[in-house]
Chemist: 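My questions will all concern the structure given below.
Read the numbers this way: they start at 1 and go in the same order the structure lists the ligands and their atoms.
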Amino acid sequence: MLVGKKPYRTVWWERGTVKLVDQNLLPFSFRIASCKTFRETARAIENMTVRGAPAIGAAAGFAMAQAVLAGKTKEGEKLIKSTRPTAVDLFHAVERVANADDALEEAQTIADESAEACERIGKLGEKLCGARILTHCNAGWLACVDWGTALAPIYMRHRHGKRVFVYVDETRPRSQGARLTAWELRNEGVAHAIIADNAAAYFMKRGEIDCVFVGADRIAKNGDFANKIGTLEKAICAREFNVPFYVCAPSSTFDRKCANGDKIRIEERDEGEVLYQRGLCDDGKIRRVRVCSPKSHARNPAFDVTPAKLVTAYVTERGVFRSF
Ligand code: MRU
């Protein structure tokens, strides 16, 4: 993707350092984070400087290469696998690099394959993509090495000059839709509107949404899949209003060892993400403010599992699959 006319990937290797587009600073500033050791890269995955299943897969691969080159293979493997539990891309990448003859070459291959898979998903998904699309969370360029999963078909359609309008779920609590997807779409010049998380059924019922495109963090053997919290609700609404619901994901997101969605471990994050929001104040400063009743507590599951029966089709780099 071009940012300020310069081509960027979200994750890359530069002379032993892992470079990441800092997603915690977007949309207010575009900065590159530098992680010199596998511990720093693992920390960046954990604190979501880098996030999104294929992007954390690529970052985990490079982190593992840093660990291997430092002679800390076992320690690195353990630490990187402990950062985030749900997206399986991370576990696949760590294992591939730990078992490779050339760790760095393997990590680079993972990143390159990821970018190529997403481009292919874009080409295949474009054929299914209507003009008015709902998306949840950020399954775009930022969540991958390049292109995105759910957003790749939208970018292809837009680049081919066809009409596109994207309804962007804000995606509380971390607001990946409002902060990241909206920033990406603006950067690419794609028309869109951010909608409150609870507004999707309203627009579907009015016939204003032609299709739903989402990504995935782990797809079980039976087609059940984990994705950002709120995805299940959108899938139920889509079924109710006969709106096609597509899941876009590379092969690295499929977990053949996981029989069904009940077996997927769901990350539960700090309650502070629900109770507080960070944002740009009128005086130009970024501040964290409490947005909930002062003495209340919160629960914060980061993902939910959508059953395969609610999915119209899975778009992968290997083809479009309507059933499992
Ligand atoms: O917690 P996040 O921001 O890492 O969650 C990301 C998502 O749920 C994405 O939808 C998913 O990784 C698919 S991205 C290509």
Side-chain angles (χ1 to χ4, degrees), residues 1 9-11 20-24 26 44-60 83-93 111 113-115 117-122 125 134-155 168-184 197 212-219 225-235 245-255 264-270 273-274 300-306 311 314-317:
M1 188 187 257
R9 282 184 166 188
T10 51
V11 183
L20 306 164
V21 172
D22 191 334
Q23 303 195 34
N24 282 328
L26 283 168
I45 296 171
E46 193 175 50
N47 71 19
M48 295 176 69
T49 300
V50 59
R51 32 73 44 208
I56 65 176
T83 53
R84 297 199 70 194
T86 305
V88 74
D89 306 59
L90 179 146
F91 297 86
H92 287 153
E113 279 176 5
S114 182
C118 287
E119 186 171 2
R120 179 96 187 115
I121 287 169
L134 175 78
T135 191
H136 191 67
C137 193
N138 172 264
W141 166 73
L142 288 163
C144 304
V145 176
D146 209 347
W147 282 99
T149 54
L151 295 193
I154 296 170
Y155 291 142
V168 179
D169 284 337
E170 62 176 341
T171 321
R172 280 278 284 143
R174 289 185 66 99
S175 304
Q176 287 95 330
R179 293 191 306 114
L180 304 176
T181 300
W183 178 84
E184 268 193 43
D197 281 325
V212 182
F213 275 76
V214 295
D217 287 85
R218 189 182 294 241
I219 304 176
F225 74 100
N227 192 48
K228 182 53 55 197
I229 190 78
T231 303
L232 170 61
E233 232 174 68
K234 309 307 162 214
F245 184 91
Y246 298 110
V247 179
C248 302
S251 310
S252 54
T253 306
F254 286 74
D255 184 359
I264 300 176
R265 189 170 148 213
I266 300 295
E267 175 182 13
E268 182 139 358
R269 295 183 62 86
D270 192 89
E273 293 184 348
V274 176
N300 186 15
F303 302 95
D304 57 26
V305 173
T306 300
V311 178
Y314 303 83
V315 186
T316 83
E317 77 276 21

Chemist: Is a donor from one side chain sitting under 3.5 angstrom from an acceptor on the other, for Arg174 and Asn24?
Modeler: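 Looking only at side-chain atoms, Asn24 and Arg174 do form a donor-acceptor pair, the distance falling under 3.5 Å.
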Chemist: Does Gly52 reach ligand 1 with a nitrogen or oxygen that is under 3.5 Å from one of the ligand's nitrogen or oxygen atoms?
Modeler: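 Yes - when backbone and side-chain N and O of Gly52 are compared with those of ligand 1, one distance drops under 3.5 Å.
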Chemist: Counting from 1, what ligand 1 atoms have a heavy atom of Phe303 closer than 4.0 Å?
Modeler: 1 (O), 5 (O), 8 (O)
Chemist: Ala143 to ligand 1: N or O pair under 3.5 Å?
Modeler: no
Chemist: Closer than 4.0 Å to some heavy atom of Ala139 - which atoms of ligand 1 meet that?
Modeler: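 Near Ala139, meaning under 4.0 Å from one of its heavy atoms, ligand 1 has 14 (S), 15 (C).
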Chemist: Any nitrogen or oxygen of Thr149, side chain or backbone, less than 3.5 Å from one on ligand 1?
Modeler: no
Chemist: Report the part of Pro54 (side chain from C-beta onward, or backbone N, CA, C, O) that has a heavy atom under 4.0 Å from ligand 1; answer both or neither where that applies.
Modeler: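 The answer is the side chain of Pro54.
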Chemist: Return the option from Met48, Gln23, Arg84 holding the heavy atom at the smallest distance from atom 4 (O) of ligand 1.
Modeler: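 Looking at heavy atoms only, the winner is Arg84.
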Chemist: Is the contact between Cys137 and ligand 1 made by the side chain, the backbone, both, or neither, using heavy atoms and a 4.0 Å cut-off?
Modeler: side chain
Chemist: Are Glu184 and Asn138 close enough that a side-chain donor and a side-chain acceptor fall under 3.5 Å?
Modeler: yes
Chemist: Backbone, side chain, both or neither: what part of Asn138 comes under 4.0 angstrom of ligand 1, heavy atoms only?
Modeler: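 Looking at Asn138 and ligand 1, just backbone atoms fall under 4.0 Å.
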Chemist: Please work out which of Arg269, Arg51, Arg218, Lys228 has its closest non-hydrogen atom nearest to atom 1 (O) of ligand 1.
Modeler: Lys228
Chemist: Check whether any side-chain heavy atom of Phe213 lies under 4.5 Å from a side-chain heavy atom of Leu151, and answer yes or no.
Modeler: no
Chemist: For the pair Asp255 and Arg218, find out whether any cationic side-chain nitrogen is under 4.0 Å from an anionic carboxylate oxygen.
Modeler: yes
Chemist: I need the atoms of ligand 1 closer than 4.0 Å to a non-hydrogen atom of Gln176, numbered in the order shown.
Modeler: 1 (O), 2 (P), 3 (O)
Chemist: Number the atoms of ligand 1 from 1 as they appear, then name those within less than 4.0 Å of a heavy atom of Cys144, with their elements.
Modeler: 15 (C)
Chemist: Between Glu317 and Ser251, do the side chains contain an N or O donor and an N or O acceptor separated by less than 3.5 Å?
Modeler: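 Distance-only check passes for Glu317 and Ser251.
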Chemist: With a 4.5 Å cut-off on side-chain heavy atoms, are Val212 and Val214 touching?
Modeler: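 They are in contact (side-chain heavy atoms under 4.5 Å apart), so the answer is yes.
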Chemist: Ignoring hydrogens and geometry beyond distance, is a side-chain donor-acceptor pair present between Asp89 and Thr253 at under 3.5 Å?
Modeler: yes
Chemist: To the nearest 0.5 angstrom, please state how far the CZ atom of Arg9 sits from the CH2 atom of Trp141.
Modeler: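 With rounding to 0.5 Å, CZ (Arg9) is 11.5 Å from CH2 (Trp141).
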Chemist: Starting from atom 9 (C) of ligand 1, locate the nearest protein heavy atom and write down its residue, its atom name and how far away it is, to 0.1 Å.
Modeler: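 Going by distance alone, atom 9 (C) of ligand 1 is nearest to Asn227 OD1, 3.4 Å.
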Chemist: I'd like to know if the side chain of Thr49 pairs up with that of Asn47 as donor and acceptor (distance under 3.5 Å, no hydrogens or angles considered).
Modeler: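 Short answer, yes.
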Chemist: Could you identify the single nearest non-hydrogen protein atom to atom 8 (O) of ligand 1 and state the distance to 0.1 Å?
Modeler: Asp217 OD1, 2.8 Å
Chemist: Under 4.0 Å from ligand 1, counting heavy atoms only, is it the side chain of Cys248, its backbone, both or neither?
Modeler: neither
Chemist: Do the numbers put Lys228 on top of the ring of Phe303, so that NZ or CZ is under 6.0 Å from the six-membered ring centre and no more than 45° off the axis?
Modeler: yes
Chemist: Quick check on contacts: which atoms of ligand 1 are under 4.0 angstrom from a heavy atom of Ala53?
Modeler: 12 (O)
